[in-house]
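Here is how names work: the chains are called A, B, and so on, in the same order as the sequence lines, proteins then strands, and each is numbered from 1. What you are looking at is a predicted structure, and each value in this text was computed from that prediction instead of being measured.
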Amino acid sequence: MTAPVVVCSWTGIREEPPEETEAALTLGRSVSAGLGVGLVWLVVGPAPQDCAEVAARHGVGEIEVISDPKLSTGLADSFVEAVCRFLGDHPAGLVLFSQTFDTRLVAPLVAGRLGASVVMNALDVAVEGDGLEVTAAAFGGDTRVVYRAATGRPCVVALLANSVVPEPASSPSSPTVSEVPVDLSEVHERVRVLDPARAEGPRLEDAEIIVAGGRGLGSPQNYKLVEQLAEALGGMAAASRPIVDDGWIDSSRQVGLTGKITRPALYLAAGISGATQHMVGCSAAKTIVAVNSDPDAPIFRHARYGIVADCNEVLPELVRAVTQVSDSHD
Amino acid sequence: MRIVVFAKEVLDPDAVGAYAVSGGLVVDDDGNITQSTIPRLMNGYDEQAIEAALRLKDSGLECTVVVASIGSDQTAMLRHALSLGADEVVAIEPPEGPMDCHVVASILVAWVASVGGADLVLCGRQASDDDQGVVPALVSVGLGMPLVTLARSVEMPGLGQPVQVVRVTPDGDEKVEVDLPAVVTVSSELGEPRYPTMPQKMAARKVNPPVLTTQELAVGAGGLEPAVVVARQFVPTLKGDCEIIVGEGPAQLADELVARLVENKLIKAGR
Ligand SMILES: Cc1cc2nc3c(=O)[nH]c(=O)nc-3n(C[C@H](O)[C@H](O)[C@H](O)COP(=O)(O)OP(=O)(O)OC[C@H]3O[C@@H](n4cnc5c(N)ncnc54)[C@H](O)[C@@H]3O)c2cc1C
Ligand SMILES: Nc1ncnc2c1ncn2[C@@H]1O[C@H](COP(=O)(O)O)[C@@H](O)[C@H]1O
């Protein structure tokens, strides 16, 4: 295989966190070294300001920028067309995306257009013999599946958030930067946005401290205990899926496989059993604390600290203890 | 109009999870989970995709809802689809070799062509076994239809009109519109699927869903060659270094925990 590894990032409407791009560049570098091929960073949409610096740090050989104004709209057809045209002219062995809401849509479309192999929810890509093996989460994270990609076609992989720790290359590179001319004037967006999503206030994805409540709270009224502790800690309140499904709290607060992927310093889970589908959304937290009345709850296998007790009794005491500590001046 | 729903039968993810947690999950050398005690059921999101189709029908839209599935021995699942209100169901026998999302999509595309097309294709957002969420995209490319993902609601003001989809995004709901034919994937936010009534169940029990083979469908060249094959499957290990806080009553437990958090600089004393 001589075709390069292409890391593709899309600065569309919902910008992807820079550390996710760096994680993809880190993995891309290791695969390109393993295959003895070049590493290309394909930036779709307006290039981030520090792009050359980041690329150099990660040993990127070439930066290719496609910045047609249509690409800032965050719409899929233009993006897919741009990437497929680029890859048509510059065949790649591996095309690596970091998995975001938007790339979850476009990466498989690109793969479909190119007839490429595709693996989503990837945690790792390894060079095995003359081919690639991609490890991905399955069954909501309960298992890992290792896929062997067919040789002779490109492989499109979307890397799950928090799966690779970004690391700079041992020696930086001096990447070339080229603007790729792609004419998208003929592309007709087939999906029309009637009413765009409007993010309101801070995002769970960015929170340093999260207090999450689950079905163990017993009733919707008790969710306010979670909100009170979150407030006392200066953090945000979150939830497991069942109480979102039951309408106790808005779905923007759901953490997990089908909710938000968070990476706070502190994640305190109250009345949450610790199902893998939930843990996918918080396992990157530096410290997980669990309050659960069942000593055998799976959450304790993920937690650093645990309290085995009724969360409805412990949460108010935690609010008191946290407030006391914050108010003390020692 | 014809609404097609693609439904996959999966191993009950909760049962797989329970075996994985207890350390008892049995996986063979090909990466297949072999426990016969794990129930098979319709992928939850696909059941919601059927629900989305039925809601369109309930809204007065003149349409036929057809549920198609690739898999072996799916009579029970397809009868369930009928009892929910699907007008037609069809099973497609998987090919001999291994299947991946490409193979599945190629077969589904060939089937759609064989029945004269579809106006709306509804899928689940992902299959809760592989969690890939790739088949709908590949199908949309194969059929030359646009793709709208993660629907919380799918509405159509009338025949021949575009569908309006509310998508669940990280920034809240987004409302989009797309002309038909199109592929739409359904997310859990659509809400609970309906329950079949007893008479519906009884009626469905009498139906033997038709079974097609891939030989009967004109699958495109290379369509049965998988682009990825499963090499193995395993259960990840957890570190598990939890310190259980001890104390007399909630107040002391809370104080002990907060002391640990302060010690680890996770929360600050004094403001
Ligand atoms: C395809 C798929 C996707 C999914 N996606 C998500 C997702 O994104 N996010 C998500 O959260 N889930 C998701 N789930 C659901 C997930 O599998 C679990 O069912 C869910 O996380 C459980 O939520 P819970 O812990 O709040 O409830 P439960 O599992 O019911 O746990 C409640 C816990 O509270 C404890 N408890 C009870 N009373 C008290 C008390 N008084 N004090 C303290 N503790 C108490 C119990 O011991 C128990 O451990 C998904 C499932 C599937 C199949
Ligand atoms: N074997 C299958 N038969 C019918 N539909 C399927 C099959 N596999 C996947 N699908 C459809 O594609 C969706 C996504 O599947 P996946 O890409 O495997 O996560 C599912 O929710 C189904 O709607």
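Contacts between B:L253 and chain A at a heavy-atom distance below 4.5 Å involve backbone atoms as well as side-chain atoms. For A:V289, the part lying near chain B is the side chain, with the backbone staying farther off; criterion is any non-hydrogen pair under 4.5 Å. Interface remark: B:L11 contributes backbone and side-chain atoms alike to the contact with chain A (heavy atom separation under 4.5 Å). With a 4.5 angstrom heavy-atom cutoff, B:Q126 touches chain A only via side-chain atoms. At a 4.5 Å heavy-atom cutoff, the contact between A:A309 and chain B is made by side-chain atoms alone. Interface remark: B:V148 contributes side-chain atoms only to the contact with chain A (heavy atom separation under 4.5 Å).
The shortest side-chain heavy-atom distance between A:F139 and B:L25 does not fall under the 4.5 Å cut-off. Contact of the B:V228 side chain with the A:V134 side chain is not registered, since no non-hydrogen atoms from C-beta on lie closer than 4.5 Å. Annotation: side chain of A:T287 is not in contact with side chain of B:N264 (no heavy-atom distance under 4.5 Å). In this structure the side chain of A:T258 reaches within 4.5 angstrom of the side chain of B:R125, judged on heavy atoms. You'll find the side chain of B:E174 reaches within 4.5 Å of the side chain of A:V193, heavy atoms only. Counting heavy atoms from C-beta outward, A:D142 and B:V235 have side chains that stay 4.5 Å or more apart.
No donor-acceptor pair under 3.5 Å is formed between the side chain of B:H102 and the backbone N or O of A:V118. B:D131 places a side-chain N or O within 3.5 Å of a backbone atom of A:G140 that can act as its donor or acceptor partner. No side-chain donor-acceptor contact under 3.5 Å links B:D241 to the backbone of A:R304.
The shortest non-hydrogen separation linking B:S140 to A:L109 is OG-CD2, 3.4 Å. Residues B:D179 and A:R192 come closest through the heavy atom pair OD1-NH2, 3.0 Å. The two residues A:S117 and B:A227 make their nearest non-hydrogen contact at OG-O, 2.9 Å. The minimum heavy-atom distance between B:P146 and A:V191, with the atom names listed, is CB-CG2, 4.3 Å. Nearest approach of A:R153 to B:P226, heavy atoms of both residues: NH2-O, 4.1 Å. Taking all atoms of both residues into account, the shortest heavy-atom contact from B:A254 to A:R320 is CB-NH2, 4.5 Å.
For the set A:K260, A:K286, A:R104, the count of heavy-atom pairs under 4.5 angstrom toward chain B peaks at A:R104. Most heavy-atom pairs under 4.5 Å with chain B: of the set A:R148, A:R190, A:E205, A:E313, this distinction falls to A:R190. Between chain A and the options B:D173, B:T149, B:V135, heavy-atom pairs under 4.5 Å are most frequent for B:D173. Counting heavy-atom pairs closer than 4.5 Å to chain B, the top residue among A:R241, A:M120, A:R144, A:E317 is A:R144.
With hydrogens and angles left out, the side-chain atoms of B:E189 and A:S251 include no donor and acceptor closer than 3.5 Å. If you check the side chains of A:Y147 and B:D130, you find no donor sitting under 3.5 Å from an acceptor.
Around atom CG of B:D28, more than 12 heavy atoms belonging to other residues, nucleotides or ligands sit under 6.0 Å away.
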